[in-house]
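The next block holds one structure in the form of structure tokens; read it before the comments.
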Protein chains: 2
Amino acid sequence: MRITTQGDYALKCILRIAADGPQGPVSISRIVDKEGLPLDYLEQLLLKLRRSRLIKSVRGARGGYLLNVPVASITVAHVLRAAEGEIFELICDRKKKDGKKCKGSEDCVLKDVWKNLKNKIETYLGSVKLKDLLKKTRCTVT
Amino acid sequence: MRITTQGDYALKCILRIAADGPQGPVSISRIVDKEGLPLDYLEQLLLKLRRSRLIKSVRGARGGYLLNVPVASITVAHVLRAAEGEIFELICDRKKKDGKKCKGSEDCVLKDVWKNLKNKIETYLGSVKLKDLLKKTRCTVT
DNA sequence: GAATACCCGATATTTTTTGTCAAGTTTAGA
DNA sequence: TCTAAACTTGACAAAAAATATCGGGTATTC
């Protein structure tokens, strides 16, 4: 189990936008310079963040991205959901997508375990606010 | 984020072994019959479970697998760790494996978030005992 | 109108996961 | 002792997912 780089990158992007946004739109290339991540890939991630309305874009020269909602209202869970879809996908649901399905009892124990786990994960990540992360230091990967 | 079928299968195997073990060694083909999973794949998973000493094998005709420790002492966390390795791998550690490394502060906020999350996940899964799961119903996928 | 910068679908590459195979070794039971 | 059942193990193959790249587009500023 792990967070993918998608989620990691998305968080770094939005933190950068939150941090530098007050000085005007933050361009992708600025993020790339500061965080050292692949530009074309970030473009896709930022598109997702925009479509989920966490950020908005300003097109044209001097354009870039800005937060679309107050920084205090954004949680890590919001960002991950925007970038990766479901934060924790139940294995049972995944099988269902393949046309398979859980047979037998609806109150399968394992399903209950995964549901509880999902709940705990989402509760925690939903409690971590971007605002609080901004106050502290971050690191970049090289 | 998700549990892979490896972990899911491994849990189903060990639950079956725990359930039927008292009547003698549980062979892979028996598990396949009851759970409908791919035999050759289970073979690999059972090997991991054996190497991590959760189960033991009885070779030869009439052989199979048995729990190697009291069922009350096994948790979901134990099984997942045996099957998948780290239950939750920090993205920072994963980068490190590629020869990259977190630059800058050692007290990176994101790392702290992931560490806390890892802790919560492991605590919960470490609290779910196989013994308790045995009492309830399970489902199979077809 | 030229440069900057976002938009977005398509495609390519790499990694991980999942599944299969084949050639062993061990043991029970006839 | 022979045979069939059943585990052992490494190697390989296929499928899926994650990561990354590309190219042609549109909007905006200066």
Side-chain angles (χ1 to χ4, degrees), chain A residues 1-10 12-13 17 20-21 24-33 35-52 55-66 68 80 83-86 89 91 94-95 97-100 141, chain B residues 1-10 12-13 17 20-21 24-33 35-52 55-66 68 80 83-86 89 91 94-95 97-100 141:
Chain A
M1 217 188 313
R2 81 174 73 102
I3 290 296
T4 64
T5 69
Q6 257 178 86
D8 188 52
Y9 288 1
K12 284 176 175 157
C13 283
I17 293 168
D20 297 355
V26 182
S27 70
I28 295 184
S29 54
R30 179 181 177 84
I31 299 174
V32 168
D33 284 349
E35 312 284 347
L37 305 173
L39 189 145
D40 287 310
Y41 195 34
L42 292 193
E43 213 164 47
Q44 292 178 47
L45 294 177
L46 289 166
L47 193 61
K48 289 189 195 176
L49 293 183
R50 185 175 64 78
R51 285 180 173 157
S52 67
I55 62 176
K56 61 187 166 192
S57 64
V58 179
R59 301 184 70 168
R62 300 267 180 161
Y65 298 91
L66 292 170
N68 191 43
L80 290 183
E84 304 192 354
E86 280 269 22
E89 186 184 23
I91 179 94
R94 150 165 298 248
K95 302 260 170 181
K97 279 196 307 191
D98 301 345
K100 301 179 177 181
V141 171
Chain B
M1 218 188 315
R2 82 174 74 101
I3 290 296
T4 65
T5 69
Q6 257 178 86
D8 187 52
Y9 289 180
K12 284 176 176 159
C13 283
I17 293 168
D20 298 354
V26 183
S27 69
I28 295 184
S29 53
R30 177 181 178 85
I31 298 175
V32 169
D33 285 347
E35 312 284 347
L37 305 172
L39 189 144
D40 287 310
Y41 195 33
L42 292 192
E43 215 161 48
Q44 292 178 45
L45 294 177
L46 289 167
L47 192 60
K48 289 189 195 176
L49 294 181
R50 186 173 64 77
R51 285 181 173 157
S52 66
I55 61 176
K56 61 188 167 191
S57 63
V58 179
R59 300 184 70 170
R62 299 266 179 165
Y65 298 90
L66 293 169
N68 191 41
L80 290 184
E84 304 192 354
E86 280 269 22
E89 185 184 22
I91 179 94
R94 150 164 297 249
K95 303 260 170 182
K97 280 196 304 192
D98 301 345
K100 301 179 177 183
V141 170

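Just so it is clear: chains get the letters A, B, ... in the order the sequence lines come, proteins before strands, and each one is counted from 1.
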Atom pair distance, as rounded to whole Å: CD in B/Glu84 and P in C/dT18: 8 Å
Below 3.5 Å, does any donor atom in the side chain of B/Gln44 face an acceptor in the base of C/dT17, or the other way round? no
I need the minimum non-hydrogen distance between B/Glu89 and B/Arg94, along with the two atoms involved. OE1-NH2, 3.1 Å
Find the distance B/Arg94:CZ to C/dT14:P and express it as a whole number of Å. 17 Å
Can you list everything that forms a side chain to side chain contact (heavy atoms under 4.5 Å, CB included) with B/Asn68? Sequence neighbours excluded, please. B/Arg53, B/Lys56
Minimum heavy-atom distance A/Gly64-A/Pro25, with the two atoms named: N-CB, 3.6 Å
Would you say A/Leu45 and A/Cys13 make side-chain contact, with heavy atoms under 4.5 Å? no
Enumerate the protein-to-nucleotides 27-30 of chain C contacts in which both atoms are nitrogen or oxygen and the separation is below 3.5 Å.
unit_1	atom_1	unit_2	atom_2	d
C/dT27	O2	B/Ala61	N	3.2

Note: for B/Tyr41 and A/Arg51 on DNA chain C, the residue whose nearest nucleotide lies more 5' is A/Arg51
To the side chain of B/Leu47, which of C/dT17, D/dT8, D/dT19 is closest? D/dT8
Does the C/dC6 base have a donor-acceptor partner in the side chain of A/Glu43 within less than 3.5 Å? no
Any idea which of D/dT21, C/dT16, D/dT9 is nearest the A/Arg2 side chain? C/dT16
Using a 4.0 Å heavy-atom cut-off across all strands, classify A/Ile28 as base, sugar-phosphate, or nothing. sugar-phosphate
Per atom distances to the A/Pro38 side chain, the nearest of C/dA5, D/dT8, D/dA20 is D/dA20
